[in-house]
**Q** 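So that we are looking at the same thing, I have put the structure below in structure tokens.
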Amino acid sequence: MGKVFVTRSIPQDGISMLQSRFEVEVWDGCDPPPRDVLLAKISGCSGVLTMLSDRVDNAFLDAAGSVLKGVANFAVGFNNIDVDAATERGVAIGNTPGVLTDATADTAVGLMIAAGRCFLPAVRNVSELQWRNWEPMMFLGQEFRGKTLGIVGMGRIGSAVAERLHFGWGMKVIYTSRTDKEEVGQRLAAKRVDLETLLQESDVISLHTSLQKDTRGLIGRAQFGLMKPNAILINTARGEIIDQDALVDALKSRRLFAAGLDVTDPEPLPSDSPLRELDSCIILPHIGSATFQARSRMSIMAAENLIAAIGGSPMPYGLNRVS
Ligand code: DGY
């Protein structure tokens, strides 16, 4: 019977599947295990079920040792994992694609409305006992019908956001993508453009690209300079895609109307981060996939990945090929 370490509490569905086959330890602390504890816990494990906050690198792979067969990330994103290093050692890596598409797309739409309609200062106004009268000139926001939506990264989640806002709000969709997305393009009358054009023409910009070397800092000072002054920027992908200092300046100088972020760099933000103070920046604690349904299915997929890898089969949601 192999040993499996699960680095945080996750829905029981996946845990039960693992428990019926392996010796399973679940870290149930409120915070993630400190790095030295994590490395000690995974020693001798055949499988590890990781979160996006766990760095899977050479030190991690060394600590687990040669018995490690697979690492199943409880996320669709896998920028926390050195996949090449794992592949070299014959360790399978898997993720949980597809099942969190709707949950994350809903979060992006929610952030767009919340940021564009000034929900954050309005809620603060009520909770800080400032609400005195019905005010004709307070918390004026943007409307979305017929406006232009720019999707940066037209993958599963980007398409789901575009679909909601095209059919629901009649928004015109433009997008950037490494490849032309013919089917989505036709269904949503969406046009593929370059990033510069997208930034210049969009009223709402929603980021859905994965974090890679060439997308780190993709939205910086020069890019904010191209945006419309009333633009709204939404990020449910990874915080590192935005240069946050440039974002603070763009919001403070009203170069940008508002931002809605489900992800930041780092997570959580430090207590003195200027972003926390800005009424025009609504921030969620990375809850894009936080629905009962998505998280339950993610736990099952991660368990399926580990069961396959430990049993010597390819992971059903694998990211590398190992022999
Ligand atoms: C992911 O899956 O990559 C999200 O960021 C968290 O669910």
Side-chain angles (χ1 to χ4, degrees), residues 1-57 59-83 85-87 89-104 156 286-323:
M1 199 192 232
K3 277 199 318 175
V4 167
F5 185 62
V6 181
T7 69
R8 300 304 293 277
S9 286
I10 61 170
Q12 188 56 36
D13 320 59
I15 299 291
S16 300
M17 291 166 64
L18 294 170
Q19 280 169 334
S20 64
R21 293 167 174 85
F22 312 114
E23 187 189 325
V24 180
E25 184 179 356
V26 180
W27 178 264
D28 63 0
C30 301
D31 293 320
R35 181 75 173 170
D36 55 332
V37 175
L38 172 66
L39 297 190
K41 290 278 182 196
I42 62 176
S43 163
C45 281
S46 310
V48 186
L49 198 155
T50 51
M51 306 299 122
L52 49 86
S53 46
D54 300 316
R55 213 169 60 247
V56 179
D57 53 9
F60 180 105
L61 297 164
D62 284 343
S66 57
V67 43
L68 184 68
K69 296 276 180 299
V71 174
N73 215 32
F74 186 74
V76 65
F78 53 91
N79 52 292
N80 56 311
I81 300 182
D82 185 340
V83 180
T87 309
R89 297 170 189 238
V91 174
I93 302 293
N95 67 344
T96 61
V99 293
L100 43 82
T101 301
D102 285 326
T104 309
R156 271 182 293 254
H286 204 148
I287 58 167
S289 65
T291 63
F292 293 106
Q293 295 80 2
R295 291 280 165 88
S296 156
R297 188 70 194 126
M298 286 163 73
S299 79
I300 292 169
M301 290 168 88
E304 287 171 344
N305 275 340
L306 284 185
I307 291 165
I310 297 171
S313 305
M315 287 183 165
Y317 317 101
L319 292 163
N320 61 350
R321 273 177 187 274
V322 289
S323 44

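As the structure is a prediction and not an experimental result, all values here were calculated from the model.
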**Q** Between Ala103 and Thr291, which heavy-atom pair has the shortest distance, and what is it?
**A**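 Reported closest heavy-atom pair: CB-CG2, 3.7 Å.
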**Q** Specify the closest pair of heavy atoms between Pro316 and Ala308, including all atoms of both residues, with the distance to one decimal.
**A**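 Heavy atoms of Pro316 and Ala308 come nearest at CD-CB, 3.8 Å.
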**Q** What distance separates Cys45 SG from Lys69 NZ, expressed to the nearest 0.5 Å?
**A**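 One finds 12.0 Å between SG of Cys45 and NZ of Lys69.
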**Q** Going by atom types alone, do Arg295 and Ser289 pair a side-chain donor with an acceptor below 3.5 Å?
**A** yes
**Q** Would you name the heavy atoms of Leu38 and Asp54 that are closest together and state the gap between them?
**A** CD2-OD1, 4.2 Å
**Q** Indicate the atoms forming the closest heavy-atom contact of Asn320 with Thr87, along with that distance.
**A**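 In terms of heavy atoms, the two residues are closest at ND2-OG1, 3.0 Å.
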**Q** What distance do Ser20 atom OG and Ile307 atom CD1 have between them, rounded to the nearest 0.5 Å?
**A** 6.5 Å
**Q** Donor-acceptor pair, Arg8 side chain versus Val26 backbone, under 3.5 Å?
**A** no
**Q** Would you say that Asp62 contacts Arg89 through its side chain, given a criterion of any heavy-atom pair below 4.5 Å between the two side chains?
**A**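 Yes, side chains in contact.
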**Q** Listed by chain and number, what are the side chain to side chain donor-acceptor pair (under 3.5 Å) partners of Gln19, not counting sequence neighbours?
**A** Gln12
**Q** Assess the residue pair Thr104 and Arg156 against the criterion (side-chain contact (heavy atoms from CB on, under 4.5 Å)); give the C-alpha distance rounded to whole Å, side-chain angles, the decisive distance to 0.1 Å, and a yes or no.
**A** CA-CA 10 Å; Thr104 309; Arg156 271 182 293 254; over 6 Å; no
**Q** Considering only heavy atoms from C-beta outward, does the side chain of Leu52 approach that of His286 to under 4.5 Å?
**A** yes
**Q** Nearest 0.5 Å, please: how far is OG in Ser9 from CD1 in Ile15?
**A**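 That separation rounds to 7.5 Å.
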**Q** Val91 and Val56: side-chain contact (heavy atoms from CB on, under 4.5 Å), yes or no, with the steps?
**A** CA-CA 11 Å; Val91 174; Val56 179; over 6 Å; no
**Q** Please check if the number of heavy atoms outside Phe78 that lie under 6.0 Å from its CZ is greater than 12.
**A** no
**Q** List the atom of Phe5, the atom of Ile42, and the distance in Å for their closest heavy-atom pair.
**A** CD2-CG2, 3.9 Å
**Q** Over all heavy atoms of both residues, which pair between Asn95 and Ala75 is shortest? Give the atoms and the distance, please.
**A**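 For Asn95 versus Ala75, the nearest heavy atoms are CB-O, 3.2 Å.
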**Q** Hey, what do you get for OG1 (Thr7) to CD (Glu25), rounding to the nearest 0.5 Å?
**A**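 Going from OG1 on Thr7 over to CD on Glu25, the span is 11.5 Å.
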**Q** Could you please spell out the steps behind the side-chain contact (heavy atoms from CB on, under 4.5 Å) verdict for Leu49 and Phe74?
**A** CA-CA 7 Å; Leu49 198 155; Phe74 186 74; 3.9 Å; yes
**Q** Please check this pair: side chain of Ser299 against backbone of Gly14, looking for a donor-acceptor N/O pair closer than 3.5 Å.
**A** yes
**Q** Apply side-chain contact (heavy atoms from CB on, under 4.5 Å) to Met298 and Ile10, showing your working.
**A** CA-CA 9 Å; Met298 286 163 73; Ile10 61 170; over 6 Å; no
**Q** Kindly say whether Gly98 contributes a backbone atom to a donor-acceptor pair with the side chain of Arg297 at under 3.5 angstrom?
**A** no
**Q** Which distance, rounded to the nearest 0.5 Å, do you find between the CG of Asp36 and the NZ of Lys41?
**A** 11.5 Å
**Q** Please confirm whether the backbone N or O of Ser296 pairs with a side-chain atom of Asp13, one donor and one acceptor, at under 3.5 Å?
**A** no
**Q** Look at the side chain of Ser43 and the backbone N and O of Ala40, then say whether any donor-acceptor pair between them is shorter than 3.5 Å.
**A**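 Here the side-chain-to-backbone pair does not exist.
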**Q** With a 3.5 Å distance limit and no angle check, can you tell me whether Asn73 reaches the backbone of Gly77 through a side-chain donor-acceptor pair?
**A**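 Checked: pair present.
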**Q** I need the Leu306 CG to Met17 CE distance, nearest 0.5 Å.
**A** 9.5 Å
